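Being a predicted model, the structure only gives us computed values, none of them experimental.
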Amino acid sequence: MALNNTYDARLQQETALGAGVQILLLALIGTAIGMGPAGWLTGLAFAIATWAVLSRALHRSRLRSFGAANRVTLGRATLVGGVTALVADSFQSSPPVSLFVGLTAVALILDGVDGKVARRTGTSTPLGARFDMEVDAFLILVLSVYVSTQLGPWVLLIGGMRYVFVAAARIWPWLNAALPPSTARKTVAALQGVLLLLAGADLLPYAASFGVAALALGLLVWSFGRDVLWLYRTSQVSATSARRQMRELVAR
């Protein structure tokens with residue numbers, strides 16, 4: 001029991017350090033651009049929420065080590081917190097495009113690092129995969145909010161689609177079934193952040209930015225639609241098989 005408490009304490013120290021680095025990043029951003037109350041409050045709320053949720057998840061998972069891959073993901077979450085603060089502050093004043101693009105670009109690049117680190121070190125865990133996925137999803141949500149202020153509220157469909165899927169799975173449990181690995185799904189997911197960043201970076205004419213965001217939404221609708229259809233068909237096959245087995249048992 002004492003050993004488990006020691007490991008748990010170390011893990012909590014890792015998450016607390018992550019929250020501290022997040023606050024330090026907010027302080028640097030706030031000093032550099034004169035960030036307003038909305039940015040500060042949103043950034044601090046993100047830091048506290050990340051620390052609380054991750055601490056609870058680590059305690060439940062009973063991991064013995066935080067792991068290098070999770071540290072990379074935590075660093076990426078810190079950058080996402082900075083982007084979130086900038087987006088919240090943008091409703092009062094436009095953030096420096098270079099800072100917004102820089103933080104977002106590094107966060108997107110690191111998205112391909114934590115998975116490789118986990119595989120090379122043999123430290124892949126369900127918690128690490130879920131942590132990585134949630135950070136990705138939240139960054140896409142934040143970017144869609146930012147781009148929606150330029151192109152219209154329809155862009156919010158990009159960031160909200162994953163959360164709608166999760167909510168729908170509570171009503172239709174068959175949506176919770178495991179999906180087969182798919183390179184296409186991974187590619188579409190990776191492109192969302194890149195395309196949204198390109199659409200929101202003020203590098204393209206309005207029509208081109210609109211087209212880029214529309215492409216991102218179209219790819220996402222196709223990917224989610226394909227997966228939902230596969231899950232539905234699989235659930236129907238499983239239900240038919242279960243009914244057949246039940247009839248055979250009754251017949252005996």
Side-chain angles (χ1 to χ4, degrees), residues 1-33 35-91 95 99-100 102-111 113-115 117-118 121 123-146 159-160 162-163 166-167 193:
M1 181 64 71
L3 186 60
N4 287 336
N5 289 337
T6 299
Y7 281 120
D8 190 65
R10 291 177 180 175
L11 294 176
Q12 300 306 322
Q13 289 174 1
E14 296 262 13
T15 59
L17 178 60
V21 173
Q22 177 72 86
I23 294 173
L24 176 60
L25 177 62
L26 291 175
L28 292 174
I29 294 174
T31 302
I33 69 171
M35 192 162 58
W40 274 106
L41 291 174
T42 303
L44 290 173
F46 178 89
I48 294 171
T50 302
W51 169 78
V53 172
L54 185 57
S55 295
R56 185 176 181 183
L58 286 169
H59 179 71
R60 288 183 171 183
S61 68
R62 299 187 180 280
L63 288 179
R64 295 174 65 87
S65 172
F66 194 68
N70 284 334
R71 292 189 184 98
V72 174
T73 308
L74 184 58
R76 190 155 56 87
T78 300
L79 295 175
V80 172
V83 174
T84 302
L86 287 175
V87 171
D89 194 60
S90 70
F91 287 92
L99 179 59
F100 171 76
L103 289 177
T104 305
V106 175
L108 291 172
I109 292 170
L110 288 178
D111 184 27
V113 175
D114 45 12
V117 171
T121 58
T123 56
S124 298
T125 63
L127 173 62
R130 180 65 182 274
F131 185 25
D132 177 56
M133 181 174 64
E134 295 299 340
V135 172
D136 289 344
F138 193 79
L139 176 58
I140 298 305
L141 176 62
V142 170
L143 290 177
S144 69
V145 170
Y146 182 73
R162 190 255 173 183
Y163 296 98
V166 171

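- Judged as a ring-ring contact (aromatic ring centres under 6.0 Å, His included), and not counting sequence neighbours, Phe131 has no contacts.
- Judged as a side-chain contact (heavy atoms from CB on, under 4.5 Å), and not counting sequence neighbours, the contacts of Val21 are Leu17, Thr78.
- Counting only heavy atoms from C-beta outward, the side chains of Leu74 and Leu54 approach each other to under 4.5 Å.
- For residues 68-88, the pairs satisfying salt bridge (Lys or Arg N to Asp or Glu O under 4.0 Å) are Glu14-Arg71, Arg76-Asp111, Arg76-Asp114, Arg76-Asp132, Arg76-Asp136, with sequence neighbours left out.
- Here the CG atom belonging to Leu108 is positioned 5.5 Å from the CG atom belonging to Leu139, to the nearest 0.5 angstrom.
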For a quick test of your reading: what N or O donor-acceptor pairs under 3.5 Å do the side chains of residues 36-48 make, sequence neighbours left out?
| residue | atom | partner | partner atom | Å |
| --- | --- | --- | --- | --- |
| Trp40 | NE1 | Met35 | O | 3.4 |
| Thr42 | OG1 | Ala38 | O | 2.7 |

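- Residues passing the side-chain hydrogen bond (donor to acceptor under 3.5 Å, both in side chains) test with Arg130, sequence neighbours excluded: Glu134.
- Val80 is not listed as a side-chain neighbour of Thr50, based on a closest heavy-atom distance of 4.5 Å or more.
- Among residues two or more places apart in sequence or in another chain, the side-chain contact (heavy atoms from CB on, under 4.5 Å) test is passed with Val53 by none.
- Here the closest heavy-atom approach between residue Ala137 and residue Arg162 is recorded as CB-CD, 3.9 Å.
- When atom types are taken as modelled, the side chain of Ser55 and the backbone of Ala52 share no donor-acceptor pair closer than 3.5 angstrom.
- Listed by chain and number, the residues in a side-chain contact (heavy atoms from CB on, under 4.5 Å) with Ile140 are Ile158, Gln192, Leu196 (sequence neighbours excluded).
- Residue Leu28 holds its CG atom at 11.5 Å from CD1 of Ile33, rounded to the nearest 0.5 Å.
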Could you walk me through whether Leu103 and Ile29 satisfy the side chain to side chain contact (heavy atoms under 4.5 Å, CB included) test, starting with their C-alpha distance in whole Å, then the side-chain angles of each, then the deciding distance to 0.1 Å, before giving a yes or no? CA-CA 11 Å; Leu103 289 177; Ile29 294 174; 3.8 Å; yes

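- Taking each heavy atom of Leu141 and Gly160 in turn, the nearest pair found is CD1-N, 4.3 Å.
- Residues satisfying the side-chain contact (heavy atoms from CB on, under 4.5 Å) criterion with Ala19, sequence neighbours excluded, are Trp51.
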For Phe138 and Thr84, run side chain to side chain contact (heavy atoms under 4.5 Å, CB included): C-alpha distance rounded to whole Å, both residues' side-chain angles, the deciding distance at 0.1 Å, then the answer. CA-CA 9 Å; Phe138 193 79; Thr84 302; 3.4 Å; yes

